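Worth knowing before you read on, the calculation uses all heavy atoms, side chains too, and leaves out hydrogens, waters and symmetry mates. All residue numbers in this chain count up from 1 along the given sequence. The model shown is predicted, which means the values in this text are computed figures rather than measured ones.
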Amino acid sequence: MPGWLPRAMVLALALYACFQLGSWAFDQVIGLLTNVLIAFFLALAIEPAVGRMSARGMRRGLATFLVFIGLMIFSAGFVVLLGSMLAGQIVDMVDDFPEYIDSVINWVNQTFHTELSRVQVQDSLLHSDWLQKYVQNSATGVLDVSTTVLGGLFRLLTIFLFSFYFAADGPRLRRALCSVLPPARQTEVLRAWEIAVDKTGGYIYSRGLMALISGVAHYILLVVLGVPYAPALAVWVGLVSQFIPTIGTYLAGALPMLIAFTVNPWYALWVLGFVVVYQQFENYVLQPKLTAKTVDIHPAVAFGSVVAGTALLGAVGALIAIPAVATLQAFLGAYVKRYDVTDDPRVHGGHRPRRGGPALSRIRRALGGSGRTGGGGGAAGQS
């Protein structure tokens with residue numbers, strides 16, 4: 001046996017053990033790394049507000065604290081308002097549920113010529129296997145729900161703590177990062193940090209403005225239709241439709257449609273039509289104008305980044321995908337050299353000129369000229 005073979009085997013086993021240990025450690029801290037990433041983007045989002053307040057003489061830690069207090073008060077108020085609205089509306093829907101069942105049964109009987117009754121429907125539902133299994137699973141899943149809620153609160157607290165430190169100690173963090181880099185690299189890192197702050201803050205600003213416009217538009221519709229809890233529903237539609245990518249519009253429109261259905265079933269169709277029409281107006285008119293100077297990325301690129309972010313990090317990746325791609329695009333645009341585009345019809349969507357077109361036309365003109373000359377000489381010879 002060669003002398004190097006035992007050492008190679010030991011080295012291979014050591015590398016495999018290190019790989020397994022690294023994979024295990026990464027799986028253990030992936031949750032913490034995700035929270036740190038969310039906190040970093042949240043700190044970038046509030047950096048403009050904190051910077052303006054600290055530029056006016058306020059201590060950076062106090063400015064960060066005031067910004068976070070404002071965010072927490074707004075979030076808590078929104079959750080309490082929406083929760084009270086949902087609680088009251090659910091009670092009303094439970095009280096009116098027999099009337100809804102009767103109206104649906106009457107419609108089915110008139111349409112399909114059946115003879116259903118509410119008693120038969122209730123008995124079939126109460127004695128169904130799926131309902132019993134659902135009740136059993138719900139009873140056994142109370143502990144899991146409590147654990148999930150506590151875990152979510154702890155994760156939220158972790159994100160807020162990290163984002164507070166990132167925002168309050170932003171200059172110190174940048175100095176610590178630049179101290180281990182050469183001067184040329186320091187300039188690039190600071191430029192990238194500035195671009196990230198501008199794009200993330202611009203994304204939040206543009207989304208907040210579109211959420212305000214969307215909320216006002218849907219508030220007017222709900223007030224005209226007489227739907228209750230119009231202010232809370234308008235805030236819900238504005239925030240959810242703008243800050244939850246891809247499916248936010250459908251989630252936002254489902255709740256107003258449900259509340260409108262309790263008032264009049266036809267009002268739910270009006271809300272659905274308005275949501276669809278407003279979404280088209282927002283996609284093709286409002287969003288391009290508001291995001292042209294903040295997050296100017298192609299809609300296809302934005303959709304692809306959301307899909308990729310969801311595949312990598314789930315809902316977290318979907319939330320931070322667009323500002324991350326906008327930052328990368330702006331950073332590449334600052335360093336990638338660009339050239340003047342040639343004046344070619346194909347650039348503007350025209351057709352490619354056929355090869356030999358000018359040469360063939362010159363040959364045709366030459367042949368046509370020679371034919372006319374030969375014909376003239378023959379005529380002269382005959383005369």
Nearest heavy-atom pair of [X] and [Y]: which atoms, and what distance?
X      : Y      : answer
Ala268 : Ala260 : N-CB, 4.0 Å
Ala234 : Tyr219 : CB-CB, 3.6 Å
Leu222 : Ala230 : CB-CB, 3.9 Å
Pro171 : Arg60  : CD-NE, 3.3 Å
Leu190 : Arg174 : CD2-CD, 4.1 Å
Ala63  : Ser54  : CB-N, 4.5 Å

What I'd like to find out is whether the side chain of [X] reaches to under 4.5 Å of the side chain of [Y], using heavy atoms alone.
X      : Y      : value
His218 : Ser241 : no
Pro256 : Val237 : yes
Ile46  : Leu71  : yes
Val67  : Met53  : yes
Leu32  : Phe162 : yes
Val275 : Val271 : yes
Leu44  : Phe166 : no

Please determine whether residues [X] and [Y] belong to a single hydrophobic cluster, defined as Ile, Leu, Val, Met, Phe, Trp and Tyr linked transitively by side-chain heavy-atom distances below 4.5 Å.
X      : Y      : result
Phe154 : Leu33  : no
Val36  : Val197 : yes
Leu212 : Trp236 : no
Leu233 : Ile220 : no
Leu269 : Val223 : no

Hey, does the side chain of [X] reach the backbone of [Y] with a donor-acceptor pair shorter than 3.5 angstrom?
X      : Y      : result
Arg207 : Leu239 : no
Ser214 : Met210 : no
Ser163 : Phe160 : yes

Just wondering, are more than 12 heavy atoms of other shown residues or ligands nearer than 6.0 Å to [atom1] in [X]?
X      : atom1 : answer
Phe65  : CZ    : no
Met72  : CE    : no
Phe68  : CZ    : yes
Trp193 : CH2   : yes

Gap between atom [atom2] of [Y] and atom [atom1] of [X] - 0.5 Å precision:
X      : Y      : atom1 : atom2 : result
Ile69  : Thr64  : CD1   : OG1   : 12.0 Å
Leu225 : Ile259 : CG    : CD1   : 13.5 Å
Cys178 : Arg185 : SG    : CZ    : 13.0 Å
Glu282 : Gln242 : CD    : CD    : 4.0 Å
Arg52  : Glu47  : CZ    : CD    : 10.5 Å
Asn106 : Thr114 : CG    : OG1   : 9.5 Å

Inset, instruction - Report the relative orientation of the aromatic rings in Phe281 and Tyr278; use parallel for angles under 30°, tilted for 30 to 60°, perpendicular for over 60°. - result: tilted
Legend entry - Salt bridge Glu188-Arg191, side-chain N to carboxylate O under 4.0 Å: no
